[in-house]
Amino acid sequence: MASFDFRPRDWLRAGDSSWKRATRWLRRRLPMGLYARSLLIVIIPMVLLQSVVAFVFMERHWQLVTQRLSAAVTSDIAAIIDLINAAPKEDYDDIVRIARDRLNLSISVEPDGELPPPRPKPFFEILDQILSEEISRQIRLPFWIDTVGNSNLVEIRIKIDGERILRVYARRNQAYASNTHIFIVWMVGASLVLLTIAVLFLRGQIRPILTLAKAAESFGKGQKIDSFSPRGAEEVRRAGLAFIQMRERIERQIEQRTAMLTGVSHDLRTILTRFKLQLALAGNSPDLDNLNQDVEDMQSMLEGYLAFARGEAEEDLGELRLNDLMIRLQAEAELHGKVLTTAVEGDDLIRVRPNAFTRLVANLASNAYRYANTVHIDARHGGKWLTITVDDDGPGIPERSRDDVFKPFFRLDEARNLDSSGTGLGLAIARDIARSHGGNVTLSDSPLGGLRAVIRVPA
């Protein structure tokens with residue numbers, strides 16, 4: 001006997017997975033911008049409301065009016081048939097005149113004839129359906145109608161007594177609610193006016209939000225912001241004021257840190273200068289070589305720490321050419337006796353802080369020169385991102401240590417030292433500069449067998 005294993009949880013998981021896929025599909029196709037989404041919030045309910053109203057109007061009002069008009073025309077035709085049956089044979093002049101002058105119908109009576117074959121029913125033609133139903137209900141004689149041939153007239157043929165054919169021409173607006181388009185025109189016109197007002201209003205409300213987002217993005221890239229002022233709705237103004245206060249606090253902290261480090265640097269440099277002077281006066285002695293080296297190391301550590309703390313934040317945004325940067329790096333590679341290949345794709349001119357960005361790339365390249373024989377640098381400048389990849393064939397860095405090497409003063413003794421000065425600040429300074437440009441530096445395995453460093457910043 002077969003058993004059926006029913007697991008409600010599996011069905012729930014399948015339904016939840018389908019819902020998530022549908023949600024992701026819809027999210028990918030919806031616009032991401034706030035302005036476009038706000039327009040959808042306004043347009044979609046308006047379109048739905050108009051669709052419901054139009055459907056109800058067409059279903060109720062339009063059909064009801066058409067039915068009453070068709071019933072009236074059919075009643076007139078039925079009265080004409082009664083007059084024809086009561087009149088002498090072939091004496092229909094008075095009936096034709098009455099139909100023309102009083103009923104606004106053009107009629108003729110054919111003594112012998114047959115009805116034409118039925119015409120194809122028009123698609124979505126409410127007049128053909130309702131008029132046929134009324135003729136069948138009121139007259140109950142064989143008939144043939146044409147509501148398509150002449151757009152302004154409706155032709156009706158009725159076989160009266162098996163021989164005679166009554167041919168009737170009526171204006172379409174006598175049996176059909178032909179002024180329905182006025183309602184559609186007014187509804188669509190009013191919607192366009194309201195939509196125009198909504199678009200203008202939304203643009204005025206969203207522009208301050210876009211300005212705030214642009215200011216925050218520029219500040220994140222380290223660019224100066226001079227002309228930003230909060231505008232728009234109260235909530236947007238509050239967010240703008242909070243951003244200004246946050247920016248001022250950050251800039252004040254940076255200035256205080258830089259001022260403090262400048263003072264510490266001056267004091268320490270004075271002491272180091274005294275040490276150097278005393279060592280110089282002591283003469284050249286092999287016993288003092290280690291002390292001289294310690295003083296040089298202290299000087300190097302001090303300069304490296306100050307460079308890391310400053311982060312080149314005081315430099316203004318400027319222009320830098322990637323090809324010029326690659327030429328400098330190739331010259332440095334020749335001095336180290338290394339093989340360097342470069343490739344530049346996209347626009348050669350980039351907008352960065354030139355000195356800081358040059359130092360960022362040079363730090364990674366110098367590290368590669370020191371521990372590898374072959375280095376390849378690939379720069380790709382796209383529409384949104386600038387990506388620079390530095391590959392080498394050196395010993396690389398263990399995956400477990402790739403996050404730690406970005407910490408200040410972290411020394412990696414297993415494979416390679418990451419700082420030319422020996423202070424463990426090389427990659428810390430590089431990532432700090434990249435993040436000040438709104439990007440980042442990541443490490444991975446290189447196709448050359450060593451380390452791959454990827455710089456990715458907004459273009």
Side-chain angles (χ1 to χ4, degrees), residues 300-301 304-305 307-308 311-312 320 322-346 350 352-353 355-382 385-459:
S300 177
M301 292 177 64
Y305 178 73
F308 170 73
E312 304 292 343
L320 177 65
L322 290 174
N323 285 318
D324 294 342
L325 176 61
M326 298 303 168
I327 292 174
R328 294 178 58 180
L329 296 176
Q330 287 179 345
E332 184 178 354
E334 292 178 359
L335 292 177
H336 289 82
K338 307 296 181 178
V339 177
L340 172 65
T341 58
T342 63
V344 177
E345 180 180 344
I350 59 175
V352 292
R353 295 200 301 274
N355 294 333
F357 195 81
T358 301
R359 183 177 185 182
L360 162 62
V361 182
N363 274 10
L364 299 177
S366 298
N367 180 73
Y369 299 153
R370 192 174 308 110
Y371 296 99
N373 295 319
T374 302
V375 181
H376 177 73
I377 301 179
D378 180 80
R380 297 185 180 182
H381 189 194
W385 294 94
L386 168 63
T387 304
I388 297 180
T389 305
V390 181
D391 289 309
D392 64 53
D393 60 351
I397 296 176
E399 185 176 356
R400 64 179 181 274
S401 302
R402 288 174 186 170
D403 291 332
D404 295 332
V405 295
F406 289 105
K407 298 177 182 179
F409 305 108
F410 180 83
R411 301 293 298 274
L412 184 64
D413 297 326
E414 297 180 9
R416 59 199 281 175
N417 187 355
L418 293 174
D419 183 65
S420 59
S421 62
T423 59
L425 289 172
L427 281 182
I429 294 175
R431 173 170 279 186
D432 185 66
I433 296 174
R435 287 181 173 176
S436 69
H437 283 81
N440 199 6
V441 177
T442 57
L443 302 178
S444 61
D445 293 328
S446 172
L448 300 180
L451 181 69
R452 163 173 283 188
V454 180
I455 304 169
R456 192 167 186 262
V457 297

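For the pair L329/V375, no side-chain contact is recorded, criterion being any heavy-atom separation below 4.5 Å from C-beta on. Taking 4.5 Å as the limit, every side-chain heavy atom of D392 sits out of range of all side-chain heavy atoms of V390. Side-chain atoms of L451 and Y371, non-hydrogen and from C-beta on, never get closer than 4.5 Å to each other. A 4.5 Å side-chain heavy-atom check between H437 and I433 finds at least one atom pair inside the cut-off. In this structure, L443 and L427 have side chains that are in contact, with non-hydrogen atoms separated by less than 4.5 Å. Between R456 and N440, the closest side-chain pair of non-hydrogen atoms is not below 4.5 Å.
Of the residues listed (I377, D378, V454), the one engaging I388 in a side-chain contact (heavy atoms from CB on, under 4.5 Å) is I377, and it is the only one.
Under the 3.5 Å distance criterion, the side-chain polar atoms of R380 are left unmatched by any main-chain donor or acceptor of T387. Judged by distance alone, the side chain of H376 and the main-chain N or O of T341 form a donor-acceptor pair under 3.5 Å. Using modelled atom types, one side-chain atom of D393 and one backbone atom of T374 make a donor-acceptor pair closer than 3.5 Å.
L322 and A379 make their closest contact through CD1-CB, 4.2 Å (heavy atoms, listed as atom of the first residue, atom of the second, distance). Residue G394 comes nearest to A372 through the heavy atom pair N-CB, 3.5 Å, listed as atom of the first residue, atom of the second, then distance. Across all non-hydrogen atoms, the minimal contact from P458 to G439 is CD-N, 4.0 Å. Between Y369 and L340, the shortest heavy-atom contact is OH-CD2, 3.4 Å. Considering every non-hydrogen atom in both A430 and L364, the closest pair reads CB-CD2, 4.4 Å. The heavy-atom pair separating F357 from I350 by the smallest distance is CE2-CD1, 3.9 Å.
Once rounded to the nearest 0.5 Å, the distance linking CZ of R452 with OG1 of T442 reads 9.5 Å. How far CD of Q330 is from CE of M326: 9.0 Å, rounded to the nearest 0.5 Å. Distance check: E332 CD to K338 NZ gives 12.0 Å after rounding to the nearest 0.5 Å. The line from CD1 of I429 to CG of N363 is 6.0 Å long, rounded to the nearest 0.5 Å. Here I455 contributes atom CD1 and L386 contributes atom CG; the two are 8.0 Å apart, rounded to the nearest 0.5 Å.
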Inset, instruction - Using the salt bridge (charged side-chain N to carboxylate O under 4.0 Å, His left out) rule, take D445 and R402 through it: C-alpha gap first, then chi angles, then the decisive distance, then the call. - result: CA-CA 10 Å; D445 293 328; R402 288 174 186 170; 2.3 Å; yes
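Atom CG of D403 is surrounded by 12 or fewer heavy atoms from other residues, nucleotides or ligands within 6.0 Å.
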